[in-house]
Trainee: 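This is the structure I have questions about; it appears just below.
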Amino acid sequence: MEEFFTYAPAIALLPLAAFVVALVFGDAMPKKGAIAGIFATAGSLGLSLLMLAAVASGEVHHETYYEWAVGDTAGHTAAEGIAFTFGILIDPLSALMLVIVSLIALLVHVFSLGYMNAEGEKGLPRYYAELGLFTFSMLAFVFADNLLMAFMFFELVGLCSYLLIGFWFRTKSAPSAAKKAFLVTRFGDYFFLVGVVAIGATFGTLAFAGDGSFVAEAEAALDGGETLFGFDAETWITITGLLVLGGVIGKSAQFPLHTWLPDAMEGPTTVSALIHAATMVAAGVYLVARMFGYYALSPSALAIIAFVGGFTALFAATMAVVKDDIKQVLAYSTISQYGYMMLGLGVGGYVAGVFHLMNHAFFKALLFLGAGAVIILMHHEQDMWKMGGLKNKAPVTYYTFLAGALALAGIIPFSGFWSKDEILYDAIILGLESNVFLAAYAMGLLAVFFTGFYTFRMVFLTFHGEPRSDAAEDPHGIGWSVKAPLVVLGVLSLVAGVANLAPVGKLLDLDIMFLEGWLDGEYGGLEELTYGFYGDMLPYETALIGGSEETTLLVAAALSLGLAFSGAGLAWKLYNVPEPTEHTQRLGGARDVLRSNYYQDEVQVWLAEGVTLPVARAADRFDQTVIDGVVNGVSSVSLFGSSWLKRIQTGLVTNYAALLVAGFIGLLLVLGVYGGWFL
Amino acid sequence: MMLELLIGVALVGALVTFVAPNRIAGKLAFAISLVPAALSIYLLTAFDGSGNALLADGGTIAFESSVEWIQFGEYTISWFVGLDGISLPLVVLTTILTTLAIVSSWTPIDDRESQFYGLVLFIEANLIGVFAALDFFLWFIFWEAVLIPMYLLIGIWGGPRRKYAAIKFFVYTNVASLVMFGAFIALVFSLDVTTFALPEVTAAMLNGGPQTEIFGLGGTSLASAVFLAMFLGFAVKVPIVPFHTWLPDAHVEAPTPASVLLAGVLLKMGTYALLRFNFTMFPDEVISTFAIPIAVIAVISVIYGALLALAQTDLKRVVAYSSVSSMGYVILGLIAFTQFGVGGATFQMVSHGLISGLMFMAVGVIYNATHTRMLTDMSGMADKMPIAVGVLIAGSFAYMGLPLMSGFAAEYFIFFGAFGSEFLEYAPIFTALAMFGIVIVAGYLLFALQRAVFGPYELETDYDVGRAPLHDIAPMFVLLAIIIALGVAPELIFDMITDAVDPILEHGGES
């Protein structure tokens, strides 16, 4: 099956072609370029599935295609030189991710037919072109075989988000949100780029895998007790790892760089689905998984990942409980869910983190597309207090949305339960041994309650009770292109958990943890990129409640399930009534804090507009008065200039110019003759 | 004789255009400028040089030609031209940008066209001369001769404060040239040479250094003094903070094509000269004396220049100040003194020439239609001029260092080369500080875009704002194509650049 890999570059290049086609010919095409995108992403999905099959048969593809730049390293590394390359790495992790990304991209394209094309929207070729470019960038990021290539496409993913969030550029809010998204993530990417440069300069390579990968070099430096850039190896690995993590925190919307994500709701809902489930936000966490071996070398970096994740999971979940806009609730849930993935990876749960990344891709795409369907139904109303009663009028939307909600809330047997439970299990067994991690676990656990609550508050307000507006009384119809993606994702949200039923497998001693086996290279893979290999590198010891795995599994599952049900139950009690009312007053002062998102935005706006801009203006005044003042004073340009300039009137200048040119050429001729040049 | 042909065509073309009727001058100049452009691209394919033109050990200078010209006492001045991997890309940049700048002038220039286009071609001839000359006197003639036509372009076809800006530009850069000229002549007199040919001066400098005393200074202290004086002279041209204040004035008043050449090529004269003189001719120990101060002002130029850009409300001023920031990266790359650092700095000269040219053109096209550049006056231009605005957005992202465009390659090379530098103490810290520029640049460009091109269309104007004509748009697409090509395949020129940079880094041992 190795021959399949010949087509690997086409996975990314097909959507790139769709970008060009839609941009240039979109206006003349039926559906304004959507067809090109659908064919391209369908092609990518087909090829990705082939890759998956090839990997399952034991093959791995790691090939350098192109040397971008080659040169010498400066001397901090033993490497003679460094080659910055474009290469493709298809292993179990990237093959899985390629399938997820191309599937979601395809479904989003199809859904867009019903969501965007139906509305007589202007600029559709631009929309489909940018979707194509987005898909291309993300797919190329996923199969990148080195850190620089990953960074490059990571940035392009950021560009595409900017363009798509600002798609409705004629409004005031969309361009502002787009700018914020790019700027906040660029702030994170600054650290990422410093990290890339530092890792390259330290180890002389940026390859993820292979003999000379930077992970292997780092491990060797650690074993050899080397001093790198004046630090001991472990400290330097931690510093560089955390620098790269800056990019992850920005893109995956982790605290404190999460503020762009809720604003990004200004983009079309289809774009939100793509950004949240499979591209922009997923890119950050995927990067941690991709270079997990590097983080496994640094206990401090891992601990920071775990705590950032745990805190973000809880922090974002609390904000979601008071939102009125259906998309806002989903936005905060995304932040929270990526927090879980970070928590999972940080406590060493590589499989759990990747598992949740996959499940989340399905159920969050579903929820966003479901929200898009609701917005169509509601004639472009997004306020949940104006909805209600859609359950019977739009059963397909309701039941698929419900499947996504159950997965998000972590209710057994929906997919989200299995992966979230596994993350929390990995956190608790680590916490039992190193008690500090119990705090990260506790935050993750508490967030389960809030997740259950806000998820079902959203479901009940949107679909249950009596219609609370004319739009809800008489919803707009929806077509097959909207329903079909919902059904596909609804089914996946229900069954995707089967990929890794860890508690069931462990309790019943069944070999059904397919994803763990997949990521452990049981079917094929590169040794140094397997779960087992990472497990040996990890600095962690774990413990079990009473020394029993069964007890620990059951206690952990019971706790998280119990909290999820309590949250959902509270929502049921408060909001599953014919005429629900706001109960947020009961929160007292906390309500204002939550509604204002803990004043996070204010702090960042203050940093930008209250600090940076005044500093810039002060610098400008300083420049105009002091520096330029000295220049003008010293040269007295203004003084002698004014009298001299009087002579430079239009007619005179012309002659002057002619004289100068002629004189210059004359001078050259004279010098030439004098120098015997023409002899 | 290829280089003579190149310069000669531009020079004769300048004269022909100067006397041609105004009506046909623009088209004529365009047709003439295609010749140097085509020739320079031919040079790129026929390039057979290796090594550095000033450090000829084992290398070859491409398209070399040398004729003894003037005997000045015991000193010989020659017509001595030739190219290496550093100068050739800059020659190509010059010819391509000139052709495109001429096309982009067709719309805005409607007064005394023949003189305007004649001067543009005259600038081109001298710019090629600056990059090709290998004799100090010859080089200096071209160097100074560039100033005159640029002075006239700003002073005649410029904006309301054109006279102030033109005089300031002329006097400021001329005074700086004088400092540099004096320093270099002093150096030559102290060396054991009887020629102004740069390779021989370099060899004498590196293999013996100053033999006699000037003003009581000798040996390394004379070399250091000359280094400093020349650095200051070139710093004005680059410009490096705090010698930059002529730049925004000149740009704001200059007509679009002049801005394109000013930012695109004239600023590179300064960085090119720094590389050719300061960083090639002087032994390592002299350069390293100044390493930390130079790195400090490089970082200040990057951050301070970016902050100034952030404070502007005139779109052209935003782009003008951002050049100060971008040139700071070049200085950082040079002082890192590594292959990627110096090579990246050279790459950045080319890349910034293309990108800033593109930005000034895009701003110019919008100005042609709206007759304003104030961010506060405009909103929603994307609705009226989708293609021009699309190019402006693409150019902005190129400026921000978007991967797969040349700006990223240049900045990445510089950052990588600087971070690991052992020549520069505290290199990782300087690099990390300068890199923060990539955040601020995104801030001011995205802010400008948000204000001017997005949002609801608002503009109080009597002019009919509509789509720009093809000849305004086409040059920008040519630039965009080159920017993307160099971003995807930097090796197109990076190979020849590093080949010419390597001898510079190795010469330390000879002194």
Trainee: Measuring from atom CG of B:Asp249 to atom CD of A:Gln624, what distance do you get when rounded to the nearest 0.5 angstrom?
Mentor: 7.5 Å

Trainee: Could you check if a side-chain atom of B:Ile440 sits within less than 4.5 angstrom of a side-chain atom of A:Thr612, using non-hydrogen atoms only?
Mentor: no

Trainee: Which bit of B:Ile77 comes within less than 4.5 Å of chain A, counting heavy atoms only: side chain, backbone, both or neither?
Mentor: neither

Trainee: Given side chains that start at C-beta, do those of A:Val197 and B:Tyr412 come closer than 4.5 Å, heavy atoms only?
Mentor: yes

Trainee: Side chains of B:Gln450 and A:Pro175: closer than 4.5 Å at any heavy-atom pair?
Mentor: yes

Trainee: Quick one: pull up NE2 in B:His244 and CG in A:Asp623 and give me the separation to the nearest 0.5 Å.
Mentor: 3.0 Å

Trainee: Please test B:Phe419 against A:Phe229 for ring-ring contact (aromatic ring centres under 6.0 Å, His included), starting from the C-alpha separation and ending with a verdict.
Mentor: CA-CA 10 Å; B:Phe419 194 93; A:Phe229 280 87; 5.4 Å; yes

Trainee: When you measure from the side chain of A:Arg186 to the backbone N and O of B:Met400, does any donor-acceptor pair fall under 3.5 Å?
Mentor: yes

Trainee: Considering only heavy atoms, which portion of B:Asp495 lies under 4.5 Å from any heavy atom of chain A: side chain, backbone, both, or neither?
Mentor: neither

Trainee: Where is the tightest heavy-atom contact between B:Ala432 and A:Val194, given as atom of each residue plus distance?
Mentor: CB-CG1, 4.4 Å

Trainee: Please rank A:Val70, A:Val615, A:Leu613, A:Leu243 by heavy-atom pairs under 4.5 Å with chain B and give me the top one.
Mentor: A:Val70

Trainee: With heavy-atom distances below 4.5 Å as the criterion, would you say the side chains of A:Tyr190 and B:Met435 are in contact?
Mentor: yes

Trainee: Counting only heavy atoms closer than 4.5 Å, note whether B:Ala409 contacts chain A via side chain, backbone, both or neither.
Mentor: both

Trainee: Looking only at heavy atoms, what is the nearest atom pair of B:Ala382 and A:Phe169, with distance?
Mentor: CB-CE1, 3.4 Å

Trainee: I need the B:Phe408 CZ to A:Leu193 CG distance, nearest 0.5 Å.
Mentor: 6.0 Å

Trainee: What part of A:Ser173 gets within 4.5 angstrom of chain B, counting heavy atoms only: side chain, backbone, both, or neither?
Mentor: neither

Trainee: Where on B:Phe447 is there a heavy atom nearer than 4.5 Å to chain A: the side chain, the backbone, both, or neither?
Mentor: both

Trainee: Check whether A:Leu148 gets within reach of chain B through its side chain, its backbone, both or neither, counting any heavy atom under 4.5 Å.
Mentor: side chain

Trainee: Determine, using ring centers only, whether A:Phe191 and B:Phe436 are less than 6.0 Å apart.
Mentor: no

Trainee: Checking B:Phe415 against A:Val196 for the side-chain contact (heavy atoms from CB on, under 4.5 Å) test, could you report, in this order, the C-alpha distance in whole Å, the side-chain angles of both residues, the deciding distance, and whether it holds?
Mentor: CA-CA 10 Å; B:Phe415 297 153; A:Val196 172; over 6 Å; no

Trainee: Between B:Phe397 and A:Phe182, does the ring centre distance come in under 6.0 Å?
Mentor: yes

Trainee: Any ion pair linking B:Arg317 and A:Asp620 (charged N to carboxylate O, less than 4.0 Å)?
Mentor: no

Trainee: Nearest 0.5 Å, what's the CG-OG distance between B:Leu404 and A:Ser137?
Mentor: 8.5 Å

Trainee: May I ask you to check whether A:Phe84 and B:Phe340 place their ring centers less than 6.0 Å from one another?
Mentor: yes

Trainee: In Å, rounded to the nearest 0.5 Å, how long is the span from CG of B:Leu308 to CZ of A:Arg617?
Mentor: 13.0 Å

Trainee: Not counting sequence neighbours, which residues clear salt bridge (charged side-chain N to carboxylate O under 4.0 Å, His left out) with B:Asp499? List them please.
Mentor: none

Trainee: Measure the shortest side-chain to side-chain distance between B:Thr338 and A:Asp72 over non-hydrogen atoms and say whether it is less than 4.5 angstrom.
Mentor: no

Trainee: Please examine the side chains of B:Phe416 and A:Thr73, heavy atoms only from C-beta on, and report whether any two atoms are closer than 4.5 Å.
Mentor: yes

Trainee: Measuring from atom CD of A:Glu155 to atom CE of B:Met405, what distance do you get when rounded to the nearest 0.5 angstrom?
Mentor: 13.0 Å

Trainee: Does any part of the side chain of B:Val488, heavy atoms only, come nearer than 4.5 Å to the side chain of A:Trp68, both counted from C-beta?
Mentor: no

